[in-house]
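Written below as structure tokens is the structure these notes are about.
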Amino acid sequence: VVVAKEAAGELAAQLGLERVRLRVCITGPHTLSFCFAFRSPGLLARLGRGLADVVRANVIKGKHLEVAILALDEPTFGTVDDPLVEHGSEGREALLKAWEEVLGAARAKGATTCLHLHSTSDGLFWQVASLRLVESHVDDPIYRLEETRELLDEHDKALRASICRTDFDQLIRERILAEEPGASEARISEALGSTWRAIRAGRVEPSTFLEPVELLLKRLKAIIKRFGPERVPMAGPECGLRAFPTYGTAIECLRRSAAACRLVSY
């Protein structure tokens, strides 16, 4: 955010925008708590207070730069069996309050709030009053279940539609299986390693493994049809792109996601 703020005027001019609008992601208290030897409800509370301070310092709105979305990333929540946050526990209440404190700090400064999950099997997040957007991975049931519509209406929340897979190993595996149906796990692993070596050596263009715009558009249309456009205001890749082989591949993934969004008409 500091770097973007310093270059905001130049960046806005290059993009032909009056103001650059950023989505800023911050690791959530549940996920951060696993970095500590002793986890407790008190730790979750302290992490919540500390992260809220980080949010207040970084959610800014200036002449050429605005932090428009604050996403709290919680990849561990719902994906690990965690007794600390089991139903009825003090830790569960502490986590709920920590989420509320962090997202409330962002909302108070005018940012749209988002919670990024890798699993929505635990519905604690529905109870966060300051949360506006929920997002998960492409195959998460939240994008298919009829009860999602009821929960969105009941809690006045919306979905950020994940329309593009970002697990590059899985993208390569799918290509291998398409070319060699029924291949054994040993064969897939061998081909996966060979493909990565070819990519790193420059013999294979990694962007060829990305999903086509047509598939992204199909997913987006299905989610909008199921929940209505008012409950699906945003869409994009399911997760970060740091594991992509090249910067250009990541940009191409974003380009395809944007292209799919532009093709949607209401």
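FYI, side chains are in, hydrogens and waters are out, and symmetry mates aren't considered; it's all heavy atoms of this structure.
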Glu90 atom CD, over 12 foreign heavy atoms within 6.0 Å: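 Open.
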Neighbour count >12 (heavy atoms, 6.0 Å) for atom CD, Glu185: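 Correct, the count exceeds 12.
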Do [X] and [Y] have side-chain atoms, one donor and one acceptor, less than 3.5 Å apart?
X      : Y      : value
Trp99  : Glu74  : yes
Arg197 : Ser194 : yes
Glu135 : Ser162 : no
His118 : Thr79  : no
Ser136 : Thr120 : no
Glu252 : Ser207 : no

Aromatic plane relationship, Phe244 with Phe168 - under 30° parallel, 30 to 60° tilted, over 60° perpendicular: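 Rings of Phe168 and Phe244: perpendicular, over 60°.
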What's the spacing between [X] [atom1] and [Y] [atom2] if we round to 0.5 Å?
X      : Y      : atom1 : atom2 : result
Ile172 : Phe209 : CD1   : CZ    : 5.0 Å
Leu115 : Leu117 : CG    : CG    : 4.0 Å
Leu151 : Asp156 : CG    : CG    : 12.5 Å
Arg175 : Gln170 : CZ    : CD    : 13.0 Å
Leu192 : Arg187 : CG    : CZ    : 10.5 Å
Ile142 : His137 : CD1   : NE2   : 12.5 Å

Derivation and outcome, side chain to side chain contact (heavy atoms under 4.5 Å, CB included), residues Glu211 and Cys253: CA-CA 8 Å; Glu211 295 173 315; Cys253 175; over 6 Å; no
Is there side-chain contact between [X] and [Y], with at least one heavy-atom pair below 4.5 Å?
X      : Y      : result
Lys5   : Ile60  : yes
Arg19  : Lys63  : no
Leu215 : Arg219 : yes
Val67  : Asn58  : no
Leu72  : Ile26  : yes
Pro29  : Leu51  : yes
Leu124 : Phe77  : yes
Val85  : His30  : yes

Check: [X] side chain, [Y] main-chain N or O, donor-acceptor pair, under 3.5 Å:
X      : Y      : result
Lys109 : Arg56  : yes
Lys157 : Leu131 : yes
Gln127 : Leu96  : no
Thr148 : Tyr143 : no
Arg107 : Ala129 : yes
Thr31  : Gly28  : no
Glu100 : Val128 : no
Thr249 : Pro245 : no
Glu238 : Thr166 : yes

Partner of Ile163 by side chain to side chain contact (heavy atoms under 4.5 Å, CB included), out of Leu217, Val213, Leu216, Val138: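 It is Leu216; the other options fail the test.
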Carboxylate-amine/guanidinium proximity below 4.0 Å for Arg39 and Asp82: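 Answer for the salt bridge query: yes.
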Presence of salt bridge, Arg165 and Asp139, under 4.0 angstrom: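 Looking at Asp139 and Arg165, the cut-off is met.
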Between [X] and [Y], which heavy-atom pair has the shortest distance, and what is it?
X      : Y      : value
Arg144 : Phe227 : N-CZ, 4.4 Å
Gly88  : Arg92  : N-CD, 4.1 Å
Cys114 : Ile69  : CB-CG2, 4.2 Å
Asp140 : Ser119 : OD2-CA, 3.4 Å

Chi angles and distances behind the side chain to side chain contact (heavy atoms under 4.5 Å, CB included) call for Leu44, Lys97: CA-CA 9 Å; Leu44 294 174; Lys97 290 178 181 178; over 6 Å; no
Trace of the side chain to side chain contact (heavy atoms under 4.5 Å, CB included) decision for Asp153 with Arg231: CA-CA 9 Å; Asp153 291 341; Arg231 293 296 181 188; 3.1 Å; yes
From CA spacing to verdict: side chain to side chain contact (heavy atoms under 4.5 Å, CB included), Leu103, Leu70: CA-CA 8 Å; Leu103 296 175; Leu70 188 286; 4.2 Å; yes
